[in-house]
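Since this is a predicted model, take the numbers as computed values, not measurements. Quick note: residue numbers are just sequence positions, from 1.
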Amino acid sequence: MQLGKNLENALNEQIREELASAYIYLSMAAYLETQNLTGFAHWMRQQSNEEMAHAIKFFEHINERGGRVLLQAIEQPPVDFDGPTDIFEQALKHEQYISSRIIDLYKLAQKEGEYASFSLLQWFVDEQVEEEESALQVLEYLRLIGEKGQGLLMLDRQLAQR
Ligand code: FEO
């Protein structure tokens with residue numbers, strides 16, 4: 001059975017969301033570079049790459065299921081931020097938003113009887129647990145050490161390892 005139109009449309013929208021996520025995180029990386037927080041910037045660029053990989057997973061799934069990938073317009077991402085804590089607060093909020101979208105996709109697949117998409121969507125449900133956790137972890141470190149001094153430099157060095 002071929003992929004139904006409703007889920008196909010929703011998956012195409014999710015490709016846009018994943019690419020928009022990649023764009024947002026790349027913009028955050030660009031800002032972090034201007035602050036000389038190169039470890040933070042590296043972390044965000046890795047995150048941006050992950051989002052590209054997420055988009056490609058949906059892209060491949062639509063193709064494998066005999067659907068048609070239609071790429072949509074992506075908005076300009078935010079370009080000004082108020083330091084790394086602000087960035088990670090926004091990143092966490094964004095991941096929570098993406099998680100809610102993935103749950104909606106899962107519900108739609110159930111409603112439409114799209115069994116062949118369940119395992120992909122389950123992978124994304126699990127992935128979102130990690131995505132939220134990794135943003136929250138950095139945010140909690142930042143709240144602990146504040147945005148100044150030795151602690152920030154050490155965290156920057158640690159994030160460069162990602
Ligand atoms: Fe693709 Fe960060 O969720």
Side-chain angles (χ1 to χ4, degrees), residues 7 10-62 71-110 117-162:
L7 189 60
L11 291 173
N12 270 313
E13 284 169 12
Q14 192 60 28
I15 291 178
R16 180 197 65 221
E17 292 296 322
E18 300 292 345
L19 292 175
S21 302
Y23 218 33
I24 290 168
Y25 293 138
L26 198 57
S27 185
M28 289 174 170
Y31 167 86
L32 288 161
E33 287 284 354
T34 69
Q35 306 299 299
N36 293 317
L37 293 169
T38 52
F40 280 89
H42 169 80
W43 193 100
M44 273 301 169
R45 282 185 60 177
Q46 293 290 103
Q47 189 59 36
S48 180
N49 290 342
E50 277 204 14
E51 301 303 348
M52 279 297 298
H54 290 169
I56 296 302
K57 264 184 180 285
F58 285 112
F59 180 102
E60 287 174 347
H61 184 71
I62 292 173
L71 296 181
Q72 302 175 3
I74 301 171
E75 275 181 35
Q76 184 185 17
V79 291
D80 279 323
F81 303 95
D82 194 17
T85 306
D86 174 45
I87 281 188
F88 275 85
E89 278 169 356
Q90 290 195 38
L92 177 60
K93 233 182 250 169
H94 184 71
E95 287 304 327
Q96 289 164 342
Y97 162 71
I98 295 294
S99 297
S100 75
R101 289 194 59 103
I102 297 290
I103 298 295
D104 287 346
L105 281 172
Y106 204 110
K107 285 182 187 161
L108 180 65
Q110 282 178 321
S117 296
F118 281 7
S119 66
L120 176 83
L121 292 171
Q122 184 58 55
W123 185 89
F124 273 101
V125 170
D126 297 339
E127 176 72 1
Q128 281 310 118
V129 174
E130 278 181 34
E131 292 278 88
E132 286 187 36
E133 195 205 348
S134 56
L136 179 63
Q137 197 180 45
V138 178
L139 182 58
E140 282 178 344
Y141 283 143
L142 278 165
R143 283 175 177 158
L144 202 66
I145 63 177
E147 289 196 332
K148 287 194 198 77
Q150 195 77 3
L152 186 64
L153 282 178
M154 280 173 65
L155 183 55
D156 190 60
R157 245 173 255 155
Q158 192 187 322
L159 296 184
Q161 310 296 319
R162 183 181 187 186

Which atom pair, heavy atoms only, marks the closest approach of L152 to G146? CD1-O, 4.5 Å
I'd like to know if R143 and E89 make a salt bridge, using a cut-off of under 4.0 Å between side-chain N and carboxylate O. yes
With rounding to the nearest 0.5 Å, note down the distance linking CD in E75 to CZ in R16. 8.5 Å
Which pair of non-hydrogen atoms, one from I87 and one from M44, has the smallest distance, and what is that distance? CG2-CE, 3.6 Å
Pairwise distance CD(E33) to CE(M28) - rounded to 0.5 angstrom: 15.0 Å
Neighbour count above 12 (heavy atom, 6.0 Å) for Q122 CD: yes
Would E50 and Q46 satisfy side-chain hydrogen bond (donor to acceptor under 3.5 Å, both in side chains), going step by step from the backbone distance to the final call? CA-CA 6 Å; E50 277 204 14; Q46 293 290 103; over 6 Å; no
Step through the shown structure and confirm whether more than 12 heavy atoms of other residues, nucleotides or ligands are within 6.0 Å of OH on Y23. no
Side chains of L159 and L155 in contact at under 4.5 Å (non-hydrogen atoms): yes
Fit a plane to each ring of F81 and Y31, take the angle between them on a 0 to 90° scale, and name the class: parallel (under 30°), tilted (30 to 60°) or perpendicular (over 60°). perpendicular
Around atom CZ of R162, are there more than 12 heavy atoms from other residues, nucleotides or ligands closer than 6.0 Å? yes
Side chain to side chain, Q35 and P84, heavy atoms closer than 4.5 Å: no
Is the closest side-chain heavy-atom distance between Q47 and E131 below 4.5 Å? yes
Can you tell me how far the CG atom of L136 sits from the OH atom of Y141, to the nearest 0.5 Å? 11.0 Å
To the nearest 0.5 Å, what is the distance between CZ on R157 and OG1 on T38? 9.5 Å
Could you state the interatomic distance from CE (M154) to CG (D156), rounded to the nearest 0.5 Å? 11.5 Å
Is there a side-chain contact between I15 and I62 (heavy atoms, below 4.5 Å)? yes
Just checking, is any N or O donor in the side chain of S99 or E132 under 3.5 Å from an acceptor N or O on the other one? yes
From CD (Q14) to CZ (R101), nearest 0.5 Å: 5.0 Å
Report yes or no: do Q96 and Q128 form a side-chain donor-acceptor pair below 3.5 Å? no
Keeping E51 on the side-chain end and A20 on the backbone end, is there a donor-acceptor pair under 3.5 Å? no
Atom of A55, atom of L19 and distance for their closest heavy-atom approach: CB-CD2, 3.6 Å
Give the minimum heavy-atom separation between I24 and P77, together with the two atoms involved. CA-CB, 3.8 Å
side-chain hydrogen bond (donor to acceptor under 3.5 Å, both in side chains) for S21 and H54? Distances and angles first, verdict last. CA-CA 10 Å; S21 302; H54 290 169; over 6 Å; no
How about F124 and F58: are their ring centroids closer than 6.0 Å? yes
Note: P78 and S27 closest approach over all heavy atoms is O-OG, 2.6 Å
Can you list the steps and then say if Y25 with H94 is a side-chain contact (heavy atoms from CB on, under 4.5 Å)? CA-CA 10 Å; Y25 293 138; H94 184 71; 3.6 Å; yes
What do you reckon, are the aromatic ring centroids of W43 and F88 less than 6.0 Å apart? yes
Do L121 and I103 have side chains that approach each other closer than 4.5 Å (heavy atoms only, starting at C-beta)? no
Please find the pair of heavy atoms, one from H42 and one from A160, that lie closest to each other, and give the distance. CD2-O, 3.3 Å
